[in-house]
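Remarks on the structure that follows.
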Amino acid sequence: MNGPFQTARELTATTLPVELEALVPPPLLLPGERLDHYHALRQAIFADLAPRSAIEWLLAIDVAELSWEIQRYRLLRHRLLVTYRQKAVEAALRSIDMVGIAPEFEDEAAYYTRQNALSWRLDPVATTQIEERLASYGFDQHSINTEVYVQAREVFVLFEGLLNVAQTRRLLLIREIRRHRSPN
């Protein structure tokens, strides 16, 4: 399984048998996911596992699906951290800007703090200015990263759990293919 990667021509040698195509569900892709990437991953896994029987093909299909899910979870986890980074910047700005604000102006100040955090994410000039301002108050990238993980901890744990379960299931399926092939 850790052999050299095959070329596109070699990958097509391991193609799903026509009689099993009805058993393969169409991929359920999320917006932004590409069908050609899905097929490339699936084909690489089929070539690597080289299924020899209907059972092995069904297990290989499941390995491919789980591998796609793992990629998806990693990407979504990363995007989650990017989203929470904006919230962490907002929290840092709030701790600077909201000090001493009269209660009647807190809602308006909070609104502008949210707008500044959005500008931080979308405008490179604003990003530089805000990061310099945060640094002048002692908020470096490490403190922002810490706040990101603190804010995202529950959802992050969810994604870690999803990843671990999918990886464990994938390993079990690969072991099952090996067990199916062993003469014992």
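In this text, all values refer to a predicted model and were calculated from it rather than measured experimentally.
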Has [X] got more than 12 heavy atoms of other residues, nucleotides or ligands less than 6.0 Å from its [atom1]?
{"X": "E154", "atom1": "CD", "value": "no"}
{"X": "E19", "atom1": "CD", "value": "yes"}
{"X": "L28", "atom1": "CG", "value": "no"}
{"X": "R79", "atom1": "CZ", "value": "no"}
{"X": "D107", "atom1": "CG", "value": "no"}
{"X": "H39", "atom1": "NE2", "value": "yes"}

[X] vs [Y] side-chain heavy atoms within contact, under 4.5 Å:
{"X": "E160", "Y": "L163", "result": "yes"}
{"X": "L35", "Y": "P27", "result": "yes"}
{"X": "V148", "Y": "Q151", "result": "no"}

Contact summary for [X] and [Y], nearest pair of heavy atoms:
{"X": "A60", "Y": "I177", "result": "N-CD1, 4.0 Å"}
{"X": "R85", "Y": "W120", "result": "CG-CH2, 3.4 Å"}
{"X": "L66", "Y": "R170", "result": "CD1-N, 3.6 Å"}
{"X": "E90", "Y": "A117", "result": "CB-CB, 3.6 Å"}

Practice problem: Indicate yes or no: does R72 engage E69 in a salt bridge with an N to O separation below 4.0 Å. | Solution: no
Quiz item: When Ile, Leu, Val, Met, Phe, Trp and Tyr are grouped by side-chain heavy atoms lying under 4.5 Å apart, directly or through other members, which residues fall in the same group as L172?
Solution: none
Quiz item: In the single-linkage hydrophobic clustering (I, L, V, M, F, W, Y; side-chain heavy atoms under 4.5 Å), do L76 and V155 co-cluster?
Solution: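 Cluster IDs for L76 and V155 match.
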Self-check item: Single-linkage hydrophobic cluster, 4.5 Å side-chain cutoff, V89 and I96 together
Solution: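 Yes, one cluster joins them.
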Quiz item: How would you list, by chain and number, every residue that makes a side chain to side chain contact (heavy atoms under 4.5 Å, CB included) with L20, sequence neighbours excluded?
Solution: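 In terms of side chain to side chain contact (heavy atoms under 4.5 Å, CB included), with neighbours along the sequence ignored, L20 is linked to L16, P17, L23, A54, W57.
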